[in-house]
Amino acid sequence: MADFVKIQEKWQKKWEESKVFEAKEEPDKKKFYCLEMFPYPSGCLHMGHVRNYSIGDSFARFKRMRGFSVLYPMGYDAMGLPAENAAIKSKVDPGDWTYKNIDGIKEQQKLMGLSYDWNRQVNTCDPEYYKWNQWFFLKLMEKGLAYRKGAEVNWCPDCNTVLANEQVEDGRCWRCKHEVQQRDLEQWFFKIQDYADRLLDDIDKLDDWPDRVKIMQKNWIGRSYGTEIFFKVKDMDLTISTFTTRPDTVYGITYLVFAPEHSIVQKLIKGTKHEDNVNEFIKKVKKQSNIERTAEGKEKHGVFTGRYFVNPVNGEEFPIWVADYALMDYGTGAVMAVPTHDQRDFDFAKKYDLPMKLVISPEAYDINVEKMARAYVEEGVLVNSEDFDGINNREAIDKISKFLEEKGWGKRTVNYKIRDWLISRQRYWGTPIPIIYCKDCGIVPVPEDQLPVILPKNVKFTGEGNPLETCEEFIHTTCPNCKKPATRETDTMDTFVDSSWYFLRYCSPHEDRLPFKKEDAQYWMPVDQYIGGIEHAILHLLYARFFTKFVKDLGLIEFDEPFKRLLCQGMVIKDGAKMSKSIGNTVDPMEIIGKYGADTARVFILFAALPEKELDWSDEGVAAIYKFLNRVLRLVEDDIDSPTTKELANRDKHMVGKMHRTIKKVTDLIEEFKLSLAIGVLMDYTNKLYKYRDGQINKEVYDNAVKAIIQLLSPFAPHVCEEMWEMIGEKEMLSKSSWPEFDKTMIDEEAEAAEEMVSQTISDIASVLKLTNKESAKKVTLFVADTWKYNFMSTLKTILEETRNPGEILGKIMATDLKKQGQQISKMVPKYVKDPSKIPATVLTLEKEYAALVEAKEAIESEFKCEVNIVKELESKEAKARQSMPSKPAILVE
RNA sequence: GUGGGGGUGCCGGAGUGGUCAAACGGGCACGGUUGAGGGCCGUGUGGCUUAGUGCCUGCGCGAGUUCAAACCUCGUCCCCCACACCA
């Protein structure tokens, strides 16, 4: 067994010295930007990383060999909580801790043999990088897209800190599992809602994204068209506005609900006898954590405000309630309730015994409101709706909306589920928000020429509050406007800001006047292939799309989608569960690389499953790949003592054909990202190569075939392949070589199948002779059946060959003696007229096989020194073989 | 609840109308090589059967479409993932 570790050390060094992987803007070449989602530098690589990079690196190497100018960079998403927690726990500086981790993880990536252009490394914690986060912040502010407002944030009372939404799992802190509370704080937001329509509509441009990701984003943005309807409060000079997608039910409204936080509620109850009661309810709801309030599912709570409203369409008066199922931040925070046609309203009305009114009736039967067990949400015809009675409810949506608008009672609007992006974090290890608070001037942005606002070093990590607040010299500054003393914003930015544009930075990582150079971005972007986990399907990918659109609006780029093709790799599983430290089923990639080499680890991980599927880790599988790579290596290591010829015998031609087919298959499969299948094809090819060299070989054919596998396997197992490449005497590095081309004319699957069939037949005859203890045969009969399928398909083929006109074809079918099947053929014809290359595959093969058999007759006769007959129609006694196709003729040896 | 993805051999996993008992790999069994082991090479791996072979059964379960279905349609059961009271 070869020492792969030694081989990989040798080549990793050579690659680094020769700088083969540096990306260059070459105008005469097509570019290819291959990118993996950059990692958070925590401790060390896990299998998920290894999988991610194995996929990306193979693809980058493949594209490079195919003649593209490839940009394949790596960087680190280096801001975030773990560094700060390490600071609290171990009293280390978060910066030192992070840079140490970056070095560690980079070391491990290098051990994997990844072909990154390390010159372009980006660390988001470098001031040279986060300076531009601040710059973007200022630009967003200029355009009115960054703003400050009071908001509820997640607060973990145990960790004493704010948590990002993503860090709240089932209403609990991801680290200490303590219940998360809501706190009201002044926060910074990015107005992503302004981009909601573009973000949604452009999803349809993303042809090469997985559907599920696109659907998730669509649902997340959640655009719904509806109508705002205004209601007067009885005995008050107050108008309430509600949002609905179902204006067709407007005549069925029987109560109104407000979200408890809604400010109008206070106006409604002030000074009334309901005031205390309602306020108590609101207090109770607010005290509840998000889990209690939402995870409960169906159980809804509410309280009557004592007020009534007037329905403008019919003058009816109904009560106004406050309920926990109305959400403050969707629509207007108030809901018009139609219990008969909305399940939630129905549940609530039943519980509190509120009135119900039917306004949509199914056409087939009548509904008795008293006996309804659930809301009727199907289509139907309007009833109890005055002038609109009898109209289908779908049509009524439009008609009633128009009616409401004409009367001034309503207005058509659009609503989104997506909320503005809250980017403030009361944490230290992030990009400082470049804002100064001045008593006189208010909120003042830090002038551009004073960027970056550097994150100070001398802060105290107590585990309580924001460490930045402990740094006096950071907080105290002067107002850029009036030069009077002022204080700095101590919030930092969400780390998702960092990752929303890093792919642009890779295009010009050393640029210092702008985040990146326009011409560089125009050359490299968009990312042609992006690879990462499905967990980022919404947040990161959506934010990155948002940023790209914003950057385009700034005029810095001319495209508006960052990622052309997206691959979401599956999880790594072991013993039926996701590999994770808490379960204790992890396998350290470095151990595998140290024992079997990086190539083994990479090939195993790529072979074990298709990239987007779950991967089940298996130690036996790793050992098997190790064996396979050794087997490939022996193709060039071994001294071959097989007899050689200069002529091309059949088996040599065979080998050449196999080689070309393998090149084609592997190329296509990699392009489609079916990497495990590509490796499977290479295993099969290796086996064939061994069989081939077992007998008489043609040296040139063999050498070429070996050369091909070295190149085809090299994206997956680059070190071993480089080594082999050198062993066969190539002077130039394999990484610089061009991907092998296949010769179409050498790929004749049918001829291949035919030849294989003939050789199979010959060996069958030999084994029959052996088994029957005969030295030679007098006569060999080969029975080849004329099957129904064969007849059927060849009839179809003949017809199609003669004409492509469907009308004519039908006539021809009628004229055939296969009238019985005529009907079926006519059904199939349209399909094959569309794609005529598809049909006759079977027939072609069978025909060629039969022809080859006839041709081979002489060869068989001289081989066995006997008479050979080929019988196409079987005699009844050999009826057994009736089903057999030319590919397996029945043999009778006499 | 809504949306998405799945159920194929002892196992991981291909195949998505016809050359398919099912790629490739693992495991297991047998044989060869070897002092032994490892390694390497070969053969086999649903049942019955043949000299070659053939037949039956089979791709969660049930039904349907078709000359033909693991693949299409409908129903049904189970599993996984995401979002979860969005009016």
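Numbered from 1 within each chain, the chains take letters A, B, ... in sequence-line order. Reckoned from all heavy atoms, side chains included, excluding hydrogens, waters and symmetry mates.
- Taking atom CG of residue A/D345 and atom C1' of nucleotide B/rC85, one finds them 10 Å apart after rounding to whole Å.
- Straight-line distance from the CE atom of A/M683 to the C1' atom of B/rG12: 12 Å, rounded to whole Å.
- Distances were taken from every side-chain heavy atom of A/D342 (C-beta onward) to each of B/rA87, B/rC85, B/rG12; the shortest belongs to B/rA87.
- Candidate nucleotides B/rG12, B/rA82, B/rG15 were compared by shortest atom distance to the side chain of A/L677, and B/rG15 ranks first.
- For B/rA14, the OP1/OP2 oxygens have a side-chain nitrogen or oxygen of A/K613 closer than 4.0 Å.
- Comparing the same atom, C1', in B/rA29 and in B/rU19 gives a spacing of 31 Å after rounding to whole Å.
- With respect to the salt-bridge test (charged N to carboxylate O, under 4.0 angstrom), the residues A/R419 and A/D329 qualify.
- The pairing partner recorded for B/rG27 is B/rU45, the criterion being a Watson-Crick or G-U wobble arrangement whose two distances lie under 3.5 angstrom.
- Within 4.0 Å of A/T245, counting heavy atoms only, lie sugar-phosphate atoms of the nucleic acid but no base atom.
- The side chain of A/W220 sits closest to B/rA84 out of B/rC80, B/rA84, B/rG26.
- Distance, A/D619 CG to B/rG12 P: 16 Å, rounded to whole Å.
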ask   = Going through the distances and angles, do A/L677 and A/V681 end up as a side chain to side chain contact (heavy atoms under 4.5 Å, CB included)?
value = CA-CA 6 Å; A/L677 300 185; A/V681 168; 5.5 Å; no
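- The side chain of A/E614 approaches B/rC80 more closely than any other nucleotide in the set B/rC80, B/rC24, B/rC85.
- Position along RNA chain B of the nearest nucleotide to A/I418 versus A/K674 favours A/K674 as the more 5'-ward residue.
- Pairing for B/rG38 is absent, with no Watson-Crick or G-U wobble pair whose two atom distances lie under 3.5 Å.
- Using modelled atom types and a 3.5 Å distance limit, the side chains of A/Y416 and A/D197 yield a donor-acceptor pair.
- Of the candidates B/rC80, B/rG39, B/rC85, B/rG39 carries the atom nearest the A/K627 side chain, counting heavy atoms from C-beta on.
- When distances run from any side-chain atom of A/V335 to the nucleotides B/rA87, B/rC83, B/rC24, the shortest one goes to B/rA87.
- Rounded to a whole angstrom, the distance from the C1' atom of B/rG9 to that of B/rG47 is 14 Å.
- The pairing partner recorded for B/rA22 is none, the criterion being a Watson-Crick or G-U wobble arrangement whose two distances lie under 3.5 angstrom.
- Atom C1' of B/rC24 sits at a distance of 22 Å from the matching atom of B/rG39, rounded to the whole Å.
- Look at the C1' atom in both B/rG60 and B/rC55: the space between them is 27 Å, to the nearest Å.
- Atom NZ of A/K665 is separated from atom P of B/rG15 by 13 Å (rounded to the nearest Å).
- Toward the 5' end of RNA chain B, the nearer of the two residues A/K417 and A/N219, judged by each one's closest nucleotide, is A/N219.
- Here A/L682 lies out of heavy-atom contact (under 4.0 Å) with every strand.
- The gap from the P atom of B/rG46 to that of B/rG37 amounts to 28 Å, rounded to the nearest Å.
- Among the heavy atoms of the strands lying under 4.0 Å from A/R419 is at least one base atom, whether or not backbone atoms are also near.
- Distance noted for atom P between B/rA70 and B/rU65: 16 Å (whole Å).
- Closest approach to the A/A624 side chain among B/rG26, B/rA87, B/rC24 is made by B/rG26 (side chain taken as heavy atoms from C-beta onward).
- Enclosure of atom NZ in A/K214 by more than 12 non-hydrogen atoms of other residues, nucleotides or ligands within 6.0 angstrom is indicated.
- For A/K300, the listed nucleotide lying nearest its side chain is B/rC85; candidates were B/rC85, B/rG3, B/rA87.
- In this structure, the CG atom of A/L669 is 14 Å from the P atom of B/rC24, given to the nearest Å.
- In this structure, the CD atom of A/E535 is 11 Å from the P atom of B/rC83, given to the nearest Å.
- With a cut-off of 3.5 Å on both pairing distances, B/rA70 has no Watson-Crick or G-U wobble partner at all.
- Distances shorter than 4.0 Å separate some side-chain N or O of A/N687 from OP1 or OP2 on B/rG25.
- Nucleotides B/rC10 and B/rC28 are separated by 8 Å at their C1' atoms, to the nearest Å.
- Using a 30° and 60° split on the angle between ring planes, A/W321 and A/F348 fall in the perpendicular class, above 60°.
- One can place CD1 of A/I573 at 12 Å from P of B/rC80, the figure rounded to the nearest angstrom.
- Between A/F309 and A/F231, the ring-plane angle classifies as perpendicular under the 30° and 60° cut-offs.
- A ring-ring contact (aromatic ring centres under 6.0 Å, His included) with A/F604 holds for exactly one of A/F716, A/W617, A/Y596; it is A/W617.
- Rounded to whole angstrom, the span from the CG atom of A/L610 across to the C1' atom of B/rG12 amounts to 12 Å.
- Pairing of B/rA82, defined by two Watson-Crick or G-U wobble distances under 3.5 Å, is identified with B/rU2.
- Side chains of A/Y330 and A/S224: a donor-acceptor N/O pair is present below 3.5 angstrom, by distance only.
- Spacing of P atoms, B/rG75 relative to B/rG3, comes out at 14 Å, to the nearest Å.
- Distances from the side chain of A/S224 to the nucleotides B/rC80, B/rA87, B/rG4 place B/rA87 closest.
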